[in-house]
Amino acid sequence: MNVDFITAIKLFFANYANFNGRSTRAEFWWAQLFLFLVNLVLNFVLKSVPFLGVVWSLAILLPSLAIATRRLHDINRSGWWLFGYCALTIILTGIMFYVLGSAISVAFLGLGNQHAMNELIAEAVLKHLGLILSTGLIMLVLGIWYLVWMVKPSGPDNQYGPNPYGEQF
């Protein structure tokens, strides 16, 4: 089943909390394009109403997880892989916020003296440079891994359902 942009949006909302079955590449990527365009409008065109972006993000959280899970099912992977990916991303983001927070808090120690403040920030960043680089590298690898899985073609019939294209391999 090949879907177009409008059909993909309809399927995205029709399967709001459906974590069963499969979603094709076209369905997944057309939905991602739609979400990107809406975020673009909310964040840049309607930036005077910031709470709309928050409401939108909360409204699409569940269907975004559902379509990603169904996309993983389409390549014969469990939806639990998505949980692991999200958990690692949250942990690594927390580490990055910790590092940035420590650099900012160190900068406040030199408040009033710009030269001392710059030196303190540089020292804090250098102190955590290995952590920053390794965390960034892991996040890059995770992002590439996620992208590779999401662009894989549909597999044959599997435990999550028949091939959406009806083809036999």
Side-chain angles (χ1 to χ4, degrees), residues 1-101 131-169:
M1 172 176 89
N2 213 349
V3 298
D4 61 8
F5 183 70
I6 300 300
T7 306
I9 296 167
K10 289 177 183 176
L11 288 169
F12 178 77
F13 288 109
N15 291 303
Y16 192 88
N18 179 10
F19 288 83
N20 297 318
R22 298 167 67 163
S23 289
T24 64
R25 282 187 295 185
E27 181 184 342
F28 177 80
W29 287 110
W30 281 126
Q32 296 307 306
L33 176 62
F34 170 73
L35 298 175
F36 172 76
L37 293 173
V38 171
N39 278 325
L40 198 65
V41 168
L42 291 175
N43 291 319
F44 294 107
V45 177
L46 301 174
K47 62 183 171 186
S48 60
V49 193
F51 73 90
L52 281 179
V54 173
V55 170
W56 172 253
S57 295
L58 290 173
I60 63 162
L61 178 62
L62 192 60
S64 295
L65 293 172
I67 196 170
T69 299
R70 291 192 314 274
R71 180 71 199 112
L72 287 172
H73 289 172
D74 194 43
I75 60 166
N76 202 22
R77 303 281 185 221
S78 168
W80 288 106
W81 282 99
L82 182 64
F83 173 77
Y85 171 77
C86 290
L88 277 172
T89 301
I90 290 168
I91 290 167
L92 293 171
T93 302
I95 291 170
M96 293 300 274
F97 273 115
Y98 165 75
V99 170
L100 290 173
L131 184 61
I132 292 169
L133 292 176
S134 60
T135 303
L137 180 63
I138 293 169
M139 289 180 84
L140 177 66
V141 168
L142 276 175
I144 291 170
W145 165 78
Y146 181 77
L147 181 65
V148 166
W149 274 13
M150 292 302 163
V151 299
K152 286 181 90 169
S154 295
D157 295 354
N158 62 34
Q159 65 189 6
Y160 303 106
N163 181 336
Y165 295 104
E167 300 171 359
Q168 295 300 319
F169 288 76

Item to check | Nearest heavy-atom neighbours spanning N15 and A66 | outcome: O-CB, 4.1 Å
Item to check | Spacing of T69 atom OG1 and L82 atom CG [to the nearest 0.5 Å] | outcome: 4.5 Å
Item to check | Point-to-point distance, once rounded to the nearest 0.5 Å, from CD1 of I75 to OG of S23 | outcome: 12.0 Å
Checklist entry - Out of curiosity, F28 CZ to L72 CG, how far, rounded to the nearest 0.5 Å? => result 8.0 Å
Checklist entry - With I144, which residues qualify under side-chain contact (heavy atoms from CB on, under 4.5 Å), at least two apart? => result L140, V148
Next on the checklist: The criterion is ring-ring contact (aromatic ring centres under 6.0 Å, His included); which residues satisfy it with Y16, sequence neighbours excluded?
Outcome noted: none
Checklist entry - Mind checking what makes side-chain contact (heavy atoms from CB on, under 4.5 Å) contact with L61, not counting sequence neighbours? => result L65
Checklist entry - Is there a donor-acceptor pair under 3.5 Å between the side chain of T135 and the backbone N or O of I132? => result no
Show me the donor-acceptor pairs, under 3.5 Å and distance only, between side chains in residues 85-95 and residues at least two apart or in other chains.
from: T89; atom 1: OG1; to: Y85; atom 2: O; distance (Å): 2.8
from: T93; atom 1: OG1; to: T89; atom 2: O; distance (Å): 2.7

Checklist outcome for this item: Interatomic distance, CZ@R70 vs CZ@F12, rounded to 0.5 Å, equals 8.5 Å
Checklist outcome for this item: Hits for side-chain contact (heavy atoms from CB on, under 4.5 Å) against N76, two or more places apart or cross-chain, chain-then-number order -> N158, Q159, Y160
Next on the checklist: For Y165 versus N2, what's the shortest heavy-atom pair and its separation?
Outcome noted: CE2-N, 3.9 Å
Item to check | With sequence neighbours excluded, residues passing ring-ring contact (aromatic ring centres under 6.0 Å, His included) with F83 | outcome: W80
Item to check | Minimum heavy-atom distance between L62 and F19, given as atom pair plus value | outcome: CD1-CZ, 3.7 Å
Exercise answer: donor-acceptor pairs, residues 33-40 side-chain atoms, under 3.5 Å, sequence neighbours excluded:
from: N39; atom 1: ND2; to: L35; atom 2: O; distance (Å): 3.2

Checklist outcome for this item: Between A8 and A26 the two heavy atoms that sit nearest each other are CB-O, 4.4 Å
Checklist entry - With W149, which residues qualify under ring-ring contact (aromatic ring centres under 6.0 Å, His included), at least two apart? => result W81, W145
Checklist outcome for this item: For W56, the ring-ring contact (aromatic ring centres under 6.0 Å, His included) test, sequence neighbours excluded, returns none
Checklist outcome for this item: d(T24 OG1, W29 CH2) to nearest 0.5 Å is 12.5 Å
Item to check | Residue pairs, two or more places apart or on separate chains, that pass salt bridge (charged side-chain N to carboxylate O under 4.0 Å, His left out) and touch residues 73-100 | outcome: R22-D74, R71-D74
Checklist outcome for this item: Value for CG (L137) from CG (L142), rounded to nearest 0.5 Å, stands at 10.0 Å
Next on the checklist: Walk me through whether V3 and K10 qualify under side-chain contact (heavy atoms from CB on, under 4.5 Å).
Outcome noted: CA-CA 10 Å; V3 298; K10 289 177 183 176; over 6 Å; no
Checklist outcome for this item: Contacts of Y98 meeting side-chain contact (heavy atoms from CB on, under 4.5 Å) (sequence neighbours excluded), chain-then-number -> H128
Item to check | Set of residues satisfying side chain to side chain donor-acceptor pair (under 3.5 Å) with respect to T7, sequence neighbours excluded | outcome: D4
Next on the checklist: I'd like to know if the side chain of N163 and the backbone of G155 have a donor-acceptor N/O pair within less than 3.5 Å.
Outcome noted: yes
